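Each remark here refers to the structure printed beneath this line.
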Amino acid sequence: MTHRATGNRALSTGALARVEGEGAMRIEITDGRLVDVKLNIYEPPRFFEGFLRGRGYGEPADITARICGICPVAYQMSACTAIEDALGVTVDGQLRALRHLLYCGEWIESHTLHIHFLHAPDFLGYDSAVEMAAAHRGVVERGLEVKKIGNEILETIGGRAIHPVNVKVGGFYRVPARRELQPLRDRLERGHALALEVVDFVAGLDFPDQEMGYEFVAVAHPNEYPMLGNRVVSDRGLDIDASTFLEHVQEDHVEHSTALHARLIERGEYLVGPLARYSLHAAKLAPTAVAAANGAGLGTTCHNPFRSIVVRAVEVVHAFETALAIIDGYEQPDRPDVPIEARRGIGHGVTEAPRGLLYHRYEIDDDGLIADAVIIPPTSQNQATIEHDLFHFVERHLELEDDELRRQAEVTIRNHDPCISCATHFLDLTVVRS
Amino acid sequence: MSTVSKPSLAVWKFASCDGCQLTLLDCEDELLAVTDRLDIAYFLEASSATVAGPYDLSLVEGSITTPDDVERILEVRRQSRFLVTIGACATAGGIQALRNFTDVEELLRIVYATPAFLSTLGTSTAISEHVDVDFELRGCPIDRSQLLEVIGAYLAGRDPEIPSHSVCVECKQKTNVCVMVAHGTPCLGPITHAGCGALCPTFNRGCYGCFGPVESPNTDAMAGALAVTGLSAGAIDRLFHTFNAWSEPFRDMSVSVPAPTRRQP
């Protein structure tokens with residue numbers, strides 16, 4: 001049944017499709033005026049921060065990976081970084097390079113999944129990539145091949161694509177010999193060429209005009225487009241060390257969500273993810289990614305959430321070029337890990353998950369056991385902004401029939417690739433210090 | 001819309017990380033062939049089109065942790081001709097079953113400021129504790145080849161060929177040096193169900209049991225062997241109590257705490 005415009009309307013989508021995890025959407029219109037929008041997150045809580053207490057310092061890398069099957073490496077990287085910070089250890093040189101390479105694999109896999117399976121069907125008017133494949137088989141097959149090459153990085157370095165087994169505090173269990181990476185290198189060359197084609201494809205899609213006034217927040221590194229790093233910056237002057245993150249971010253537990261909403265203290269809602277990374281750090285992209293961005297018509301910043309699909313495609317090109325450079329500069333390190341000694345400490349870690357900044361904090365006791373854990377995933381940071389986007393979009397499109405309004409509102413949510421599995425089960429309000 | 005002859009596939013999610021259903025989308029070389037043979041009738045992560053049941057083949061990811069999900073799995077069972085659980089959450093309760101050993105109210109207070117907003121059970125349990133299951137696929141996450149074997153076997157009308165031996169056998173097949181014997185690395189391989197291809201030992205790491213226990217594992221002997229490697233009683237307990245903590249053989253396994261204090265679901 002469709003009806004529209006004036007009068008009272010309540011639209012809802014009981015279970016959002018093509019997002020990771022379980023969420024729903026509700027839009028309320030009274031007397032032709034938009035009253036409320038909510039992104040409901042009803043994914044059941046899983047209490048990771050609770051049962052991390054009392055586990056060994058080496059365990060969060062494997063345990064927190066299980067928060068999200070789409071971005072397990074992000075959890076492993078933020079967990080290891082935070083725990084190494086607590087234990088006073090630095091992982092650098094070739095070991096850091098291998099982590100960076102592993103992370104490139106996850107970006108390629110996750111972004112390519114989102115571009116082809118979750119997002120592109122919206123632009124081309126299909127319900128799924130499988131349905132889209134009937135008319136665009138080549139596009140879907142190319143997407144699958146790029147995604148597969150991303151997974152090959154994860155399998156070569158991490159052992160498997162989902163929940164890699166080779167990551168540990170201090171580095172790895174096993175590091176590859178230089179020659180082991182050569183077959184992968186050939187595959188990455190092909191992936192890089194295909195990724196450039198994907199940018200051309202997504203740049204040709206039709207984008208609604210919607211420029212949003214986000215505050216962009218991302219990890220910063222002096223000379224790398226950020227995956228690993230230890231500072232957090234915004235385009236409105238935030239520039240902090242990861243260790244002070246909780247002094248700047250406040251989390252609220254709202255009734256309609258098992259994820260907690262994050263806000264910057266005295267600044268309000270903000271956005272993490274591809275748009276933020278790109279708008280803050282576009283100059284640090286690899287050269288072929290910069291050229292691809294220019295060719296796709298992206299400026300130096302991007303405030304249109306619908307164009308996030310283009311930014312993701314550009315970041316995939318960047319990940320391929322970065323991965324190739326890492327392999328070319330690789331020398332097998334003498335040992336696979338940095339020696340670790342358990343000690344009491346508090347540590348913080350920020351890295352860039354495909355969906356945006358992922359913060360971990362651990363408190364470790366004298367026996368090397370976790371006394372306290374705090375994890376802030378990207379989607380809980382973005383949830384308030386996603387609802388804001390939704391309100392803005394629906395308010396300007398009240399004339400649409402219900403079904404079309406619902407469909408486009410869902411697209412507004414998918415623009416941000418929300419990972420609801422990640423967003424759920426988080427955050428402790430009592431840690432906020434203002 | 002479906003053609004008459006193709007069987008329908010539904011993919012369901014309960015409490016989980018989405019990794020096992022992602023494994024289906026990770027079958028990059030086979031995915032379009034699979035969808036040529038099966039109609040995707042319900043798979044929210046991949047499609048916004050849903051077709052009403054009943055469904056010929058249902059893949060169920062995740063464990064039961066909320067009052068609503070207790071009801072929903074009954075409906076999924078009613079709508080499914082052949083129901084396969086995929087992964088450690090659906091098959092053994094998953095990592096979130098660690099709540100079964102503790103007070104869930106305490107966990108709520110640790111994670112959420114306003115626990116009254118939440119509706120959750122004190123336990124995380126396997127699908128088979130609620131409904132009949134036609135086949136259980138192990139792993140955290142499941143293995144891609146095993147998933148394809150289960151789907152292929154279903155389409156061919158035969159039983160899936162999923163080996164039930166331990167990870168040790170897979171190590172021998174790969175001619176790996178035993179990490180426990182050669183390096184004294186603690187390893188759950190002797191009592192862990194095969195399926196990963198002995199991944200961890202291949203990476204110079206001990207198995208951490210993500211495929212869950214083999215049938216009739218000798219857990220006491222395993223605990224003794226782990227102690228010989230120098231692992232503390234607490235660390236041995238934690239190793240058993242991770243991704244398959246609520247599986248029958250591991251549930252009451254404790255080196256450091258007497259068993260009777262444990263809660264029942």
Side-chain angles (χ1 to χ4, degrees), chain A residues 15-22 43-51 53 55-56 59 62-63 66-70 72 113 117 121 127-131 133 137 140-141 144-145 147-148 151 159-163 165-166 173-174 252-255 258 260 336 410 421 425-430, chain B residues 13-23 25-26 28-29 31-32 35 40 43-50 62 65-66 68-69 94-96 98-99 102 104 106-114 117-118 120 124 140-141 143-144 196 199-200 202-205 208 210 234-235 238 242-243:
Chain A
L16 288 167
R18 282 184 281 128
V19 296
E20 290 101 3
E22 297 190 307
E43 173 97 14
R46 290 167 71 213
F47 308 114
F48 278 90
E49 287 153 317
F51 55 62
R53 290 187 181 181
R55 308 293 299 205
E59 295 186 79
D62 293 317
I63 290 178
R66 269 64 182 189
I67 289 168
C68 180
I70 326 292
L113 174 78
F117 278 81
D127 289 319
S128 70
V130 170
E131 193 186 287
R137 188 139 186 141
V140 175
E141 285 179 343
L144 284 166
E145 187 173 356
K147 180 173 167 304
K148 185 181 177 192
N151 277 340
R160 63 184 170 197
I162 301 168
H163 307 328
V165 302
N166 192 25
Y173 291 90
R174 178 187 183 280
D252 296 319
H253 185 191
V254 296
E255 186 162 7
T258 52
L260 305 184
E410 287 183 36
S421 303
H425 36 74
F426 288 109
L427 247 276
D428 186 345
L429 279 195
T430 57
Chain B
K13 175 184 159 62
F14 291 85
S16 66
C17 77
D18 282 47
C20 289
Q21 52 177 312
L22 176 64
T23 304
L25 299 180
D26 274 358
E28 290 98 357
D29 292 337
L31 186 66
L32 294 178
T35 58
I40 295 189
F43 185 7
L44 279 183
E45 185 167 328
S47 176
S48 38
T50 56
T65 62
T66 69
D68 283 351
D69 284 350
I95 179 86
Q96 59 273 16
L98 289 176
R99 78 177 67 185
T102 176
V104 78
E106 179 59 27
L107 289 173
L108 277 167
R109 279 191 296 273
I110 292 172
V111 182
Y112 293 98
T114 319
F117 291 164
L118 297 174
T120 189
S124 167
C140 182
D143 176 74
R144 187 164 46 198
C196 64
L199 208 49
C200 286
T202 306
F203 277 78
N204 293 338
R205 174 183 188 178
Y208 60 91
C210 69
R238 294 199 301 273
T242 313
F243 305 111

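So that the names make sense, note that chain A is the first sequence line, chain B the second, and so on, each numbered from 1. None of these values were measured; they are calculated from a predicted model.
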With respect to chain B, which residue among [options] yields the maximal number of heavy-atom pairs within a distance under 4.5 Å?
options: D62(A), V140(A), I63(A), V130(A); value: D62(A)
options: P72(A), S128(A), P336(A); value: S128(A)
options: R174(A), H163(A), K148(A); value: K148(A)

Using a cut-off of under 4.5 Å on heavy-atom pairs, state which of G62(B), G19(B), S48(B) scores highest against chain A. S48(B)
Counting only heavy atoms closer than 4.5 Å, note whether [X] contacts chain A via side chain, backbone, both or neither.
X: T242(B); answer: both
X: T202(B); answer: backbone
X: L25(B); answer: both
X: C140(B); answer: both
X: D68(B); answer: neither
X: F243(B); answer: side chain

Name the region of E59(A), side chain, backbone, both or neither, that has any atom closer than 4.5 Å to a heavy atom of chain B. side chain
With a 4.5 angstrom heavy-atom cut-off, is it the side chain or the backbone of A161(A) that approaches chain B, or both, or neither? side chain
Quick check: do R53(A) and T102(B) have side-chain heavy atoms less than 4.5 Å from each other? no
Checking R99(B) against F47(A): charged group under 6.0 Å from the ring centre and within 45 degrees of the axis?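 Checked: cation-pi criterion not met.
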